[in-house]
Amino acid sequence: MMDTSSLCFTQLLGQEKAKRLLRRSLAAGRIPHAYIFKGPEGVGKKMFARGVAAALNCRDVNVVGACGLCSSCKKFRTLNHPDFMVVRPEKGVIKIDQIRRLTRELSYPPYESALRVVVIEDVQAMRREAANSLLKTLEEPPENNLLILTAEASQEILPTLTSRCQVIPFSQLSIDDTTTILVSRGMDRETAVLLARLAEGSPGRALLFQKTDMIVLWRKIVAFLSDPAIDADRDVGLLLSHAENMAALKDELPALLGLLKIWVRDLLMGEERQNAVVPLLKKWNASELLARLQALDRAGRELARNCNRNLICEVLLFKLQ
């Protein structure tokens with residue numbers, strides 16, 4: 001991942017295979033008319049696309065990448081380069097009108113660079129008629145233009161689009177690299193490690209999790225479950241209040257269950273990593289911890305079947321407590 005102060009794709013963390021393939025193409029001057037960056041969500045595909053665009057338009061001919069200092073790089077840093085375009089889904093969909101506008105723009109030469117770079121994000125969100133319109137452009141690519149499509153690997157896209165692009169594969173990042181990226185974005189290291197594990201090597205997903213109230217609620221629930229002074233019968237009101245707050249997370253509830261599973265699993269493995277955040281005051285043996293993992297798995301399955309969220313959370317907290 002990168003910020004606006006670092007433009008070169010070679011400086012981004014992880015994705016060594018993608019770096020190697022792209023560096024080789026740029027060094028040899030063999031640039032296809034279209035790439036497709038394909039991989040999991042939130043692993044840096046869009047930032048790499050911008051980094052490649054900056055490298056291709058950099059005025060310094062002595063570097064394979066972006067110098068960050070020339071007039072072109074300065075425009076990329078401020079997101080104000082006239083020969084860099086981005087097409088994004090509108091309300092979750094890329095429509096044919098967007099592709100038609102793009103086609104008209106591509107009929108004109110670049111404004112100031114030898115090559116215009118167009119990034120079409122999340123092509124899996126493209127409607128079929130829009131994909132067919134784009135296909136015509138890929139079959140007869142206009143000169144002095146490079147199209148970079150980004151696609152989530154788990155989503156289906158038209159095979160005809162993929163067949164007309166050079167595919168650059170992206171993968172999940174390591175937990176260490178993900179943590180480093182999150183810390184560079186201002187996240188405290190304890191939370192960064194936790195979210196890096198939950199997001200399974202996707203900094204983008206981890207940053208989305210951070211924007212919710214999930215981490216704060218997770219800490220409150222762990223503190224509640226760990227407190228030996230809590231009595232299940234006497235403090236049932238507090239338990240129900242936590243369950244209500246859990247259910248209110250809606251789409252983020254599965255991620256919260258994932259955090260709780262990480263916490264319990266670490267306790268089972270003797271890796272009490274969360275003790276710096278919430279000290280564990282209760283002592284559970286291995287069979288008790290396994291029962292709690294099973295309860296979390298069961299809650300996740302019930303949630304997937306669209307059972308009542310409030311009831312799921314209430315039953316779960318009774319079993320965990």
Rounded to the nearest 0.5 Å, the NZ atom of Lys46 sits from the CG atom of Asp122 at a distance of 3.5 Å

Pair Asp60-Leu69, side chain to side chain contact (heavy atoms under 4.5 Å, CB included): steps then yes or no: CA-CA 9 Å; Asp60 189 341; Leu69 300 173; over 6 Å; no

With the 4.5 Å side-chain cut-off for hydrophobic clustering, are Ile262 and Leu290 part of the same group? yes

Residues clustering with Val216 (ILVMFWY side chains joined when closer than 4.5 Å, directly or via others): none

Is there a path of hydrophobic side-chain contacts, each under 4.5 Å between heavy atoms of I/L/V/M/F/W/Y residues, joining Leu239 to Leu296? yes

So do the side chains of Ser113 and His81 get within less than 4.5 Å of each other, counting heavy atoms only? yes

Are a donor atom and an acceptor atom from the side chains of Ser287 and Asn285 found within less than 3.5 Å of each other? yes

Glu156: partners by salt bridge (Lys or Arg N to Asp or Glu O under 4.0 Å), with sequence neighbours left out: none

Could you tell me whether the side chain of Met187 reaches within less than 4.5 Å of the side chain of Leu207, counting heavy atoms only? yes

Please find the pair of heavy atoms, one from Ile175 and one from Gly201, that lie closest to each other, and give the distance. CD1-N, 4.3 Å

Counting distance only, does the side-chain N/O of Arg77 pair as donor-acceptor with the main-chain N or O of Gly68 below 3.5 Å? yes

Measure across Ala243 and Cys313 and return the closest heavy-atom pair with its distance rounded to 0.1 Å. O-CB, 3.6 Å

Shortest non-hydrogen contact from Asn310 toward Glu244: ND2-CA, 4.0 Å

Side-chain (Gln98) to main-chain (Lys95) donor-acceptor, under 3.5 angstrom: yes

Measure the shortest side-chain to side-chain distance between Ile99 and Ile94 over non-hydrogen atoms and say whether it is less than 4.5 angstrom. yes

Taking Arg50 for its side chain and Phe76 for its backbone only, find out whether a donor-acceptor pair lies under 3.5 Å. yes

So if you build clusters from Ile, Leu, Val, Met, Phe, Trp, Tyr with side-chain heavy-atom gaps below 4.5 Å, do Leu303 and Leu259 land together? yes

Is the backbone of Leu311 close enough, under 3.5 Å, to the side chain of Asn308 for a donor and an acceptor to pair up by distance? yes

Could I get the full list of salt bridge (Lys or Arg N to Asp or Glu O under 4.0 Å) partners for Glu112, not counting sequence neighbours? Arg59, Lys75

Would you say Gln15's side chain and Ser171's backbone share a donor-acceptor pair under 3.5 angstrom? yes

Point-to-point distance, once rounded to the nearest 0.5 Å, from CG of Leu198 to CG of Leu256: 9.0 Å

Could you state the interatomic distance from CG (Leu182) to CG (Asp188), rounded to the nearest 0.5 Å? 10.0 Å

Run the numbers on Val315 and Arg298 for side chain to side chain contact (heavy atoms under 4.5 Å, CB included), then give the verdict. CA-CA 10 Å; Val315 172; Arg298 187 159 47 250; over 6 Å; no

Is there a donor-acceptor pair under 3.5 Å between the side chain of Ser25 and the backbone N or O of Leu21? yes

Would you compute the distance between atom CG of Leu260 and atom CG of Leu293 and round it to the nearest 0.5 angstrom? 10.5 Å

Could you tell me if the side chain of Val86 sits less than 4.5 Å from the side chain of Glu121, heavy atoms only? yes

Min side-chain heavy-atom separation Leu194-Ile215 under 4.5 Å: yes

Between CG of Leu257 and CD1 of Ile312, what distance do you get to the nearest 0.5 Å? 8.5 Å

Which residues pass the salt bridge (Lys or Arg N to Asp or Glu O under 4.0 Å) test with Asp297, not counting sequence neighbours? Lys261

Indicate every side-chain donor-acceptor pair of residues 31-44 with a distance under 3.5 Å to a residue at least two apart or in another chain.
| residue | atom | partner | partner atom | Å |
| --- | --- | --- | --- | --- |
| His33 | NE2 | Leu138 | O | 3.4 |
| His33 | NE2 | Arg164 | O | 3.1 |

Rounded to the nearest 0.5 Å, how far apart are CG of Leu249 and CE of Met214? 8.0 Å

Side-chain touch Leu158/Arg128, heavy atoms, less than 4.5 angstrom: yes

Short side-chain to backbone donor-acceptor contact, Ser133 and Ala130, under 3.5 Å: no

Hydrophobic clusters here meaning ILVMFWY residues chained together by side-chain heavy-atom distances under 4.5 Å, can you tell me if Ile168 and Phe48 are in one? yes

Quick one: do Glu139 and Lys136 make a salt bridge, cutoff under 4.0 Å? no

Ignoring hydrogens and angles, state whether a donor on the side chain of Arg219 or Thr191 is under 3.5 Å from an acceptor on the partner side chain. yes

Between Leu320 and Trp284, the two heavy atoms sitting closest are O-CZ2, 4.1 Å

For a side chain to side chain contact (heavy atoms under 4.5 Å, CB included) check, start with the C-alpha distance between Arg189 and Thr179, then their side-chain angles and the critical distance, and finish with the verdict. CA-CA 7 Å; Arg189 187 165 189 82; Thr179 300; 3.7 Å; yes

In one Ile/Leu/Val/Met/Phe/Trp/Tyr side-chain cluster, 4.5 Å: Val167, Ile148: no

Quick one: does Leu217's side chain get under 4.5 Å of Thr212's, heavy atoms only? no

Shortest non-hydrogen contact from Pro169 to Ala18? O-CB, 3.9 Å

Closest heavy-atom pair and its distance - Ala125, Gly92: CB-O, 3.4 Å

Mark yes or no for whether Ser241, through its side chain, and Gly237, through its backbone, hold a donor-acceptor pair below 3.5 Å. no

Please list all pairs passing the side-chain hydrogen bond (donor to acceptor under 3.5 Å, both in side chains) test where one or both residues lie in residues 142-153, with sequence neighbours left out. Arg116-Asn145, Glu152-Ser154

Answer yes or no: is there a side-chain heavy-atom contact under 4.5 Å between Val236 and Phe318? yes

Backbone of Glu288 reached by a side-chain donor or acceptor of Arg292 within 3.5 Å: yes

